[in-house]
Amino acid sequence: MVLRVYDTKTRKKRVFKSLESGKVGMYVCGITPYSKSHLGHARCYLSFDVVHRWLEYRGYEVNYVQNFTDIDDKIITVSIAENVDYTLISQRNIDEFFEVMDKMNVLRADHYPRVTQTIPEIIEMISELVKRGNAYSSKDGVYFEIDSAPEKYGQLTGQTLEMVRAGAGGRVVDTGSGKKNHRDFALWKLAKSGEPYWESPWGKGRPGWHIECSAMSLKHFGNQFDIHGGGHDLRFPHHEAEIFQSECCTGVEPVVNYWMHNGFVNINGEKMSKSLGNFWTVRDTFEKYSPLELRYALLSIPYRSPIDLTPEFLEDAAKHHQKLISAYVDSFSNEIQVDIDLASCGKSFESAMDDDFNSRGAIIEVQKVISSNRGLGVEDWLEKYAGCILGLLPSKDELLDESKRNRMAREGIAEIVEEFLVERDKARKNKDWDRADDIRDELKKMGISIEDGEDGTSWKIG
RNA sequence: GCACGAGUGGCAGAGUAGCUAUGCAAUGGACUGCAGAUCCAUGGACCCGGGUGCAAAUCCCGGCUCGUGCUCCA
């Protein structure tokens, strides 16, 4: 079996081969913590969490690095608006990020470097770029000079220098910045009064938006690494800027072997955005769906496709996830021979994942196993595939806790429920169906659902 | 406007020429007083228009629609 990965740069799926045998260096652009994590973040880090898990399953030792851009214009804006230090804003949102990602079973990366803790490396990198003639200092900062390496332009988007100039049209006017060319981008921005700053050879200021990722990946991986991931929108300018910075600084290319970009989240067919008023934070969504139900929903579409979250779609996902849990619990005590070919389901699951991490195809196999008689082997199968790889199962401890809580809740009301059931049973024996159905409705109102079976009537909460 | 990506049954999604996946939902039937669960069965699609092929969802041309980006005071 061969793992194939879609690479944005070559625009095709390529057989995955790591630079160093058995090891993978993976860098995923992290958040700029100026507000609460939203569903777009959830999708991105969930997608790469599955990539992370699958690579490990395939035997790679993965070094996963994800940064925090913890100083940036937007953070400064929020800190001014709230009149608190910018570090409070970023820390608050980083805490929030970890909390919601943990709940969704996102495994931690190996390193979470922050811009504010990488300033010396960033300054060193900018100095090198200046020395090599790829960057220049001007009145308001240091800029990367695109014309120093024009052949690198458009590697991820296919655009040429001329196209961008034409497309930018009337918007490209003199902005009063010190850029020689409007396509140049900032490496170091000099601080305006009142803004946070660090000392540098070019004066007090802060890093530009793109340089941190280059400096951090260089620090953690050296001149080249295997996978660079991020949201689709980061291809340009952010990731193209990284190519400029890293490759010009080290003289080694390509800096990245596989560029991976996840698709976006739409809400009811519309782009999720603050201005449309359909901007969902992860925490908002938790009020309606459990973290793992949300995880199920977001993984049920391949990571590169746009995902349209509609109420129907989310309800379905939640339902399927609940079914998964009950199948898992059922499988604990089931001693019967399983009625499907688990090995072949596992094989199909693995082929789907090997085909550019197709979690949709993988989930289809999970659904097949759930629909089986949940016999011998299902527990292990689900733990391995739905649990370890897709991360969709809560831990057994949690499940046991929950069933304990359920049991206690059951004990609390068992007596009264049993009374109802005895009465209903009597009614049924007398073929008084109206009475029997009334009792069922009554119980439903109390939050008890019942099911008639061969061995009498069973009931559960919910 | 330019670039890149995408348009397959109710939803999701495989599929680079012939055997028309798969999952969920739906429908019919079985079983149940009914409901639920389960089992069996079934229908249903390839954005539009041309072209090349014995044969096209799959190749070519044109068009339409949608998404993202086009440099950080969008």
Side-chain angles (χ1 to χ4, degrees), chain A residues 6 8-9 11 32 69 72-74 77 141 143-144 146 153-173 175-177 179 181-186 189 208-210 231-241 244 261-266 269-275 297 300-302 304-308 310 312-313 315-317 319-320 323 326 330 339 345 348 351-352 355 358-374 427-434 436-437 440-441 444 449-454 457-460:
Chain A
Y6 183 89
T8 308
K9 190 164 132 186
R11 280 177 234 126
T32 299
T69 303
D72 146 285
D73 294 5
K74 293 195 197 87
T77 306
Y143 291 94
F144 188 95
I146 295 289
Y153 213 83
Q155 291 193 32
L156 298 180
T157 49
Q159 302 179 105
T160 65
L161 289 168
E162 291 68 29
M163 283 166 180
V164 173
R165 181 188 288 136
R171 283 187 290 125
V172 178
V173 290
T175 57
S177 84
K179 289 182 185 180
N181 185 315
H182 74 267
R183 288 162 300 177
D184 295 346
F185 57 86
K189 300 166 88 154
W209 173 33
H210 316 295
H232 203 250
D233 57 334
L234 296 180
R235 286 179 312 152
F236 189 92
H238 186 58
H239 288 161
E240 290 207 2
F244 277 114
H261 294 98
N262 67 276
F264 266 55
V265 175
N266 297 329
E270 284 181 314
K271 180 186 170 184
M272 183 176 82
S273 76
K274 282 182 177 163
S275 54
S300 43
I301 305 288
R304 283 191 291 131
S305 311
I307 187 169
D308 188 18
T310 58
E312 191 192 18
F313 181 82
E315 286 300 332
D316 275 0
K319 211 167 72 188
H320 291 144
K323 213 171 150 188
S326 59
D330 282 354
D339 61 353
C345 291
S348 301
S351 329
D355 181 13
N358 183 354
S359 52
R360 168 80 242 172
I363 282 181
I364 285 177
E365 297 307 316
V366 172
Q367 286 176 337
K368 282 188 199 167
V369 173
I370 290 172
S371 312
S372 75
N373 65 357
R374 305 170 182 185
R428 291 180 74 209
K429 284 209 173 91
N430 296 330
K431 297 199 190 302
D432 184 357
W433 308 126
D434 287 345
D437 292 347
R440 180 162 59 196
D441 291 345
K444 189 82 201 166
S449 52
I450 63 175
E451 205 172 294
D452 296 324
E454 283 176 26
T457 304
S458 64
W459 60 278
K460 64 177 184 188

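The shown structure was predicted, so the numbers you read here are calculated from the model rather than taken from an experiment. Note on naming: letters A, B, ... go to the chains in the order of the sequence lines (proteins, then strands), and numbering restarts at 1 for each one.
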Let me see the working for A/K179 and A/D184 under salt bridge (charged side-chain N to carboxylate O under 4.0 Å, His left out), right down to the final yes or no. CA-CA 6 Å; A/K179 289 182 185 180; A/D184 295 346; over 6 Å; no

Counter-base of B/C4, judged by Watson-Crick or G-U geometry with both distances under 3.5 Å: B/G67

Please state the C1' separation for the pair B/U27 and B/G10 - nearest whole angstrom. 12 Å

Across the strands shown, which category fits A/D437 at heavy-atom distances under 4.0 angstrom: base, sugar-phosphate, nothing? base

Tell me whether the side-chain N/O atoms of A/K179 come closer than 4.0 Å to OP1 or OP2 in B/C72. yes

Distance between the P atoms of B/A41 and B/G49, in whole angstroms? 36 Å

With nearest nucleotide decided by heavy atoms, which residue, A/P237 or A/Y6, maps closer to the 5′ end of RNA chain B? A/Y6

Span that lies between the C1' atom of B/G29 and that of B/U22, in whole angstrom: 24 Å

Is there a donor-acceptor contact under 3.5 Å linking the side chains of A/T457 and A/E451? no

With C1' as the reference atom in both, quote the distance from B/C70 to B/G44 in angstrom, rounded to an integer. 42 Å

Expressed as a whole number of angstroms, how long is the span from A/N262:CG to B/C4:P? 21 Å

Any side-chain donor near an acceptor of the partner, A/R360 and A/N358, under 3.5 Å: no

For A/I364 and B/C24, what is the distance between atoms CD1 and P respectively, to the nearest whole Å? 9 Å

Looking for any heavy atom pair under 4.0 Å, which part of the strands does A/S348 touch: base, sugar-phosphate only, or nothing? nothing

Below 4.0 angstrom, N of the basic side chain to O of the carboxylate: do A/D437 and A/R440 qualify? yes

Touch class at under 4.0 angstrom, heavy-atom based, for A/D452 against every strand present: base

For the residue pair A/H210 and A/H239, confirm or rule out a side-chain donor-acceptor distance under 3.5 Å. no

Please determine, for B/U58, whether a Watson-Crick or G-U wobble partner exists with both distances under 3.5 Å, and give it or none. none

Counting only Watson-Crick pairs (N1-N3 plus N6-O4 or O6-N4) and G-U wobbles (N1-O2, O6-N3), all under 3.5 Å, who is the partner of B/U27? B/A41

Considering every strand and a 4.0 Å limit on heavy-atom distances, what is the contact class for A/R304: base, sugar-phosphate, or nothing? nothing

Integer-rounded Å distance: B/G10 C1' and A/E312 CD: 8 Å

A/K74 or A/D434: which one's nearest nucleotide on RNA chain B is closer to the 5' end? A/D434

Just how far, in rounded Å, is C1' of B/C70 from CD1 of A/I146? 13 Å

From CG of A/L234 across to P of B/G69 the rounded distance in Å is 10 Å

Taking the side chain as every heavy atom from C-beta outward, state whether A/R428 and A/W433 have any pair of such atoms under 4.5 Å apart. yes

Reckon A/T8 touches a base, only the sugar-phosphate, or nothing at all at heavy-atom distances under 4.0 Å? nothing

Suppose you measure atom C1' in B/A12 against the same atom in B/G18; what distance do you get, rounded to whole Å? 27 Å

Find the distance A/W209:CH2 to B/A74:C1' and express it as a whole number of Å. 13 Å

Does the plane of the ring in A/H232 sit parallel, tilted or perpendicular to the ring in A/H261? Use 30° and 60° as the thresholds. perpendicular

Stacking here means centres under 5.5 Å and planes under 30°; does A/F236 stack on B/G69? no

Which part of the nucleic acid, if any, lies within contact of A/F264, taking any heavy atom under 4.0 Å across all strands shown: a base, the sugar-phosphate backbone alone, or nothing? nothing

Spacing of the C1' atoms in B/C2 and B/A17 (rounded, Å): 34 Å

Pick base, sugar-phosphate or nothing for A/K368, based on heavy-atom distances below 4.0 Å to the nucleic acid. sugar-phosphate

Which part of the nucleic acid, if any, lies within reach of A/A352 when heavy atoms closer than 4.0 Å are counted: base, sugar-phosphate only, or nothing? nothing

Taking any heavy-atom pair under 4.0 Å as a contact, classify A/H210: base, sugar-phosphate, or nothing. nothing

Does a side-chain N or O of A/S305 approach OP1 or OP2 of B/G5 to a distance below 4.0 Å, or not? no

Just the rounded figure in Å: distance from P of B/C24 to NE2 of A/H320. 7 Å

B/C46 and B/G7: how far apart are their P atoms, nearest whole angstrom? 15 Å

I'd like to know if A/R11 reaches the base of B/C4 with its side chain, counting only an N/O donor and acceptor under 3.5 Å. no

On a whole-Å scale, what distance lies between the C1' atoms belonging to B/G43 and B/A26? 9 Å

